[in-house]
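Data first, discussion second: the structure below is written as structure tokens.
Here, residue 1 is the first one in the sequence, and each next residue gets the next number. Read the numbers this way: they start at 1 and go in the same order the structure lists the ligands and their atoms. This is a predicted model, so every value here is computed, not measured.
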Amino acid sequence: MATNWGSLLQDKQQLEELARQAVDRALAEGVLLRTSQEPTSSEVVSYAPFTLFPSLVPSALLEQAYAVQMDFNLLVDAVSQNAAFLEQTLSSTIKQDDFTARLFDIHKQVLKEGIAQTVFLGLNRSDYMFQRSADGSPALKQIEINTISASFGGLASRTPAVHRHVLSVLSKTKEAGKILSNNPSKGLALGIAKAWELYGSPNALVLLIAQEKERNIFDQRAIENELLARNIHVIRRTFEDISEKGSLDQDRRLFVDGQEIAVVYFRDGYMPRQYSLQNWEARLLLERSHAAKCPDIATQLAGTKKVQQELSRPGMLEMLLPGQPEAVARLRATFAGLYSLDVGEEGDQAIAEALAAPSRQEKTLVMNKHVGHLLRTKAIEHADGGVAAGVAVLDNPYPV
Ligand SMILES: N[C@@H](CCC(=O)N[C@@H](CS)C(=O)NCC(=O)O)C(=O)O
């Protein structure tokens, strides 16, 4: 079986022709981005960057990533519900980092007023790199967990066809058949649909918080389309729109342009520069509302680097997921152990106490699933950044 793809190509001319075909297939499949010149318009679009060939990924690592995703979901949920743990963990960060401080401020305000939200939805993506151990065997090491605006689930469902096409052109039909099908946008939409259903108001809408200049709109539309197919209507609004047209009634139900909102899905609001004073006010309004937020502010905070760092400390996972030693072992196996541990014994003690007395509400878990994968490839010189940042390109795993 050919897996050294380069050896399949005779010359540069063939490579160029193959690339032209791949680009056309990507465009035909809807692997699309708006252009950087016209990020507010869908009149002119281009293809999202992708590798010409799929990358070899050991099946065992793919399986491992799938298996541990539900554990990560439980962990994020446990952290987000534990106000004392979040407060203790982020106490030093909020002194230095204005963005986290402002998020935390909203979190505190909402807790003080009392949480009106009754349905909680997390759409989390855990990111890994493959690390080669000293003995040469590859290992799955977590980079970060994205708890807000986890993107490219929509386009990831369309890239398998492109790589199958490339391999078929080279008459590698058997290899083409090994490219896994993938449909994360459907799974993400099913999560939103469940939250919408649990909210329990058939005329209520899903509100997608969008950026004015959004190049990745087709990725978002993939989810919107899945929802519409289930008769769930989505409106797209910016934070500015919400500050002008959003309101809460006496039960803190959220209305935008007179329409009730069941679920708020954030595809903006994950970076400091995305917030003006007006936008912070809009975020607070949304957060105070009865609508299900994806994510709520505590879940966004649970995705911060500082929390991830804290989770890698000895004993933390055991305290957050009591009685679940298998889940703890699966999680710990993906930790890279890259962080310096800057908290002394005193901090440890405070966190242990916070964990011993968690301020949890009793909640029912109705859904915990993995819904697909996203493989991205980037040049070795980039330590950070994904496709949206213009650093990585879309790819597909070729299981070996
Ligand atoms: N606003 C864009 C981009 C959002 C974004 O950058 N999301 C980050 C997480 S906060 C991500 O998943 N990036 C993956 C990538 O760019 O490869 C969208 O909603 O698609």
Side-chain angles (χ1 to χ4, degrees), residues 30-36 39-40 42 45-51 55 65 69 72 76 99-100 103 122-129 142-159 182 184-185 187-189 191-192 206-227 234 236-240 264-275 279 283 293-297 299-305 307-308 371-379 382-397:
V31 185
L32 303 174
L33 284 180
R34 284 175 172 170
T35 63
S36 48
T40 54
S42 297
V45 297
S46 190
Y47 57 94
F50 60 93
T51 58
S55 293
Q69 185 57 44
F72 271 118
V76 167
F99 182 55
T100 312
L103 290 173
L123 297 176
N124 306 319
R125 193 190 67 234
S126 182
D127 290 349
Y128 309 92
M129 278 187 170
Q142 195 196 37
I143 304 300
E144 64 175 347
I145 187 143
N146 293 278
T147 58
I148 180 166
S149 303
S151 48
F152 291 104
L155 301 193
S157 55
R158 287 129 198 254
T159 52
N182 191 27
S185 47
L188 298 173
I192 296 175
V206 171
L207 166 66
L208 187 151
I209 299 294
Q211 295 173 17
E212 190 73 52
K213 296 178 179 170
E214 180 54 86
R215 292 188 63 199
N216 201 22
I217 190 164
F218 302 102
D219 187 58
Q220 301 173 350
R221 292 287 195 205
I223 297 171
E224 291 179 47
N225 298 345
E226 291 283 353
L227 287 167
V234 181
R236 301 172 60 89
R237 296 288 186 276
T238 61
F239 278 123
E240 286 81 0
V264 182
Y265 176 39
F266 288 100
R267 295 292 293 248
D268 192 17
Y270 47 88
M271 273 183 189
R273 66 173 152 83
Q274 294 163 341
Y275 287 93
N279 292 8
R283 180 73 195 261
K293 269 77 65 183
C294 178
D296 69 308
I297 207 138
T299 303
Q300 182 172 357
L301 288 168
T304 54
K305 286 269 180 220
V307 167
Q308 186 188 8
V371 298
H373 55 266
L374 169 68
L375 183 72
R376 289 160 298 163
T377 291
K378 61 184 171 189
H382 297 291
D384 249 339
V387 182
V391 170
V393 304
L394 298 171
D395 198 348
N396 277 291

What protein heavy atom sits nearest [atom], and how far away is it?
atom                    : result
atom 9 (C) of ligand 1  : Asn146 OD1, 3.4 Å
atom 14 (C) of ligand 1 : Arg376 NH1, 3.1 Å
atom 13 (N) of ligand 1 : Ser151 OG, 3.5 Å
atom 7 (N) of ligand 1  : Ser149 O, 2.9 Å
atom 19 (O) of ligand 1 : Arg267 NE, 2.7 Å
atom 16 (O) of ligand 1 : Ala388 N, 2.7 Å
atom 2 (C) of ligand 1  : Glu214 OE1, 3.3 Å
atom 3 (C) of ligand 1  : Tyr270 OH, 3.3 Å

Ignoring angles and geometry beyond distance, decide whether Arg125 reaches within less than 3.5 Å of ligand 1 through its nitrogen or oxygen atoms. yes
Start with the C-alpha distance between Val393 and Arg376, add both sets of side-chain angles, then the distance that settles side-chain contact (heavy atoms from CB on, under 4.5 Å), and finish with yes or no. CA-CA 6 Å; Val393 304; Arg376 289 160 298 163; over 6 Å; no
Close-contact set for ligand 1 against Ile148 heavy atoms, below 4.0 Å: 9 (C), 10 (S)
Trace of the side-chain contact (heavy atoms from CB on, under 4.5 Å) decision for Leu33 with Val45: CA-CA 6 Å; Leu33 284 180; Val45 297; over 6 Å; no
Going by an N to O cut-off under 4.0 Å, is there a salt bridge joining Glu224 and Arg236? yes
Thinking salt bridges, do Asp219 and Arg221 make one under a 4.0 Å N-O criterion? no
Are more than 12 heavy atoms from other residues, nucleotides or ligands located less than 6.0 Å from atom CZ of Phe218? yes
Taking C-beta and beyond as the side chain, do Ile223 and Ser185 meet within less than 4.5 Å on heavy atoms? yes
Does any part of the side chain of Phe239, heavy atoms only, come nearer than 4.5 Å to the side chain of Asp268, both counted from C-beta? yes
Taking only non-hydrogen atoms of Met271, do any sit less than 4.0 angstrom from ligand 1? no
